[in-house]
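Reviewing the structure listed below.
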Number of protein chains: 2
Amino acid sequence: MLISEFAKATGLTQDTIRFYIGKGLLKPRRSEKGGSNAYQIFNEDDVTAARMIRLQQSLGYTLREISALNDEYRKGMRSPKRTAQIMRTQIGKLEEKQAQVENALAFLRDKLQWIEAGKPGDTPRLNDYYC
Amino acid sequence: MLISEFAKATGLTQDTIRFYIGKGLLKPRRSEKGGSNAYQIFNEDDVTAARMIRLQQSLGYTLREISALNDEYRKGMRSPKRTAQIMRTQIGKLEEKQAQVENALAFLRDKLQWIEAGKPGDTPRLNDYYC
DNA sequence: CTTGACCCTGGAGTATGGTCCAGACCCATA
DNA sequence: TATGGGTCTGGACCATACTCCAGGGTCAAG
C-alpha cells in the first residue's frame, strides 16, 4: 500500500502521516529501489497502528507518550512475557482513564438530578468524585 | 480567596490561571477597589470549575471546546430546562468517550489473551472494535 | 508614609502537533 | 525516452497551551 491509499484507509493526510513517520510513530518499510527517495510501503498493521494512535490521542495522550509506549512495545516483541507486561500496564492506564470518565459522569448525572428535582439538597461538588 | 491560595487549591500555576481567565474559562469576581489592577477573588465554584477543566482536558477536549461548553452552560443558567438539556448533551459526549475507552480496553484484553494463549487464532484487529 | 509581600498587565518565548509548499525524484505507460 | 501522476525531502508557517519575565500597582503592618 502506498501513501495515498494509506491516507484513505486511515483518514490521515499525507503530511500528517509523514509527520508521524518523522516522529517514529509509524515505521513503514521502504521499497528497495529508489535510493534515498524510495517510496514508503504500508501494511494492515500500520493501519491498525494509525487507528490506535488516533484513539489514544482522542483520549488525551500526547504523541510523545504514545511513541514511548509503542517503542517499548516493539522492543518487547520477542518476549511474550515482556509484551504481556507492557500490555497490562497500558490496560491499567486505560482503566484509570475509564475511572475518570465514570467519575465525571457520576458528577454530571447527580447535578442533572439536582437540577431536575428543583434543588432539595446541596449542589453536588466535583471534589467528591475527582480527587 | 486570592490567586495564590486558588493556585494551591487547584494545582494550577498563577500564570495558567491568568491564561484561563484571559480565555474566559474562569471568571472570578474582582474587588471593587484597585481600579484596572484590582485583585481577582475566587470562590469554591471556581475551584470546581478548574477541576472540571483539568478533567475535560485530560479526556482530550481542547480549551476552545471546554470554553464553548461552559459559556453555553452559563447562558442557560436561568432556565433549568435549558441547563438540563446542555448537561444531557455533555453526558452524551462523555458516554461516547466512555465507549471509546471500553473499545480500546476490549481490544487490548483480547490481544493480551491472544499473546498469553500462544496464538491459537488470528491476532485481534482494532478495526473490529473501533470504527 | 514607607516597607515588603503579594498582585496585575502586556508582551516575548517555548513545545507540541500539525499544515503548506517548492523543487526534485520515481515509475508505469505510450 | 518523454510525459504525467504520484512520491520524497526540507523548511517555513500556523494554532494551541502554556511559561517567563519586566515594569508597575495594591495593601496590611509598623
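Residue numbering restarts at 1 for every chain, and letters A, B, ... go by the order of the sequence lines.
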- Query: How far does CG of A/Leu105 sit from CD of B/Gln98, to the nearest 0.5 angstrom?
  - Reply: 5.5 Å
- Determine to 10° how strongly the helix from C/dC1-D/dG30 to C/dA30-D/dT1 is bent, judged from the axes of its five-pair ends. 0°
- Query: Rounded to the Å, how far apart are A/Arg30 CZ and C/dC27 P?
  - Reply: 12 Å
- Task: Answer yes if the side chains of B/Gln57 and B/Arg54 hold a donor-acceptor pair under 3.5 Å, and no otherwise.
- Result: yes
Could you go through nucleotides 17-21 of chain D and list every protein N or O atom that sits under 3.5 Å from one of its N or O atoms, giving the distance for each pair?
{"unit_1": "D/dA17", "atom_1": "OP1", "unit_2": "B/Leu63", "atom_2": "N", "d": "2.9"}
{"unit_1": "D/dC18", "atom_1": "OP2", "unit_2": "B/Tyr20", "atom_2": "OH", "d": "2.8"}
{"unit_1": "D/dC18", "atom_1": "OP2", "unit_2": "B/Gln57", "atom_2": "NE2", "d": "2.5"}
{"unit_1": "D/dT19", "atom_1": "OP2", "unit_2": "B/Thr16", "atom_2": "OG1", "d": "3.3"}

- Message: How many whole angstroms separate atom CZ of A/Phe6 from atom P of D/dG6?
- Response: 19 Å
- Message: Using OP1 and OP2 only, check whether a side-chain N or O of A/Gln40 sits under 4.0 Å from D/dT7.
- Response: no
- Once you round it to whole Å, what is the distance between C1' of C/dC6 and CE of B/Met1? 16 Å
- Item | Whole-Å distance separating the CD1 atom of A/Ile3 from the P atom of C/dC25 | 19 Å
- Note on the structure: Between CD1 of A/Ile21 and C1' of C/dG18 the distance, given in whole Å, is 14 Å
- Distance, rounded to the nearest Å, where A/Asn37 contributes CG and D/dG10 contributes C1': 11 Å
- Working for side chain to side chain contact (heavy atoms under 4.5 Å, CB included), residues A/Leu59 and B/Lys97: CA-CA 8 Å; A/Leu59 297 178; B/Lys97 189 91 16 184; 4.0 Å; yes
- Message: What verdict does the side chain to side chain contact (heavy atoms under 4.5 Å, CB included) test give for A/Ile66 and A/Leu63, after you've listed the backbone C-alpha separation in whole Å, the side-chain angles of each residue and the deciding distance to 0.1 Å?
- Response: CA-CA 5 Å; A/Ile66 296 168; A/Leu63 294 186; 4.3 Å; yes
- Query: Checking only heavy atoms, does the side chain of B/Tyr39 share a donor-acceptor pair with the base of C/dC7 at less than 3.5 Å?
  - Reply: no
- Spacing of CZ belonging to A/Phe19 relative to OG1 belonging to A/Thr13, to within rounding of 0.5 Å: 10.5 Å
- Query: Just how far, in rounded Å, is C1' of C/dG18 from CG of A/Leu25?
  - Reply: 12 Å
- Taking salt bridge (charged side-chain N to carboxylate O under 4.0 Å, His left out) as the test, write out the residues that go with B/Arg30, two or more places apart. none
- Query: What heavy-atom pair brings B/Gly24 and B/Asp71 nearest, and what distance separates the two atoms?
  - Reply: O-OD1, 4.3 Å
- Query: Phosphate oxygens OP1/OP2 of D/dT7: is one of them under 4.0 Å from a side-chain N or O of A/Ser4?
  - Reply: yes
- Item | Whole angstrom value for the distance that separates C1' of D/dT26 from CG of B/Leu2 | 11 Å
- Can you find a heavy atom in the side chain of A/Thr48 that is under 4.5 Å from one in the side chain of B/Phe107? yes
- Task: Please report the closest heavy-atom contact between A/Pro28 and A/Ile41, naming both atoms and the distance.
- Result: CB-O, 3.4 Å
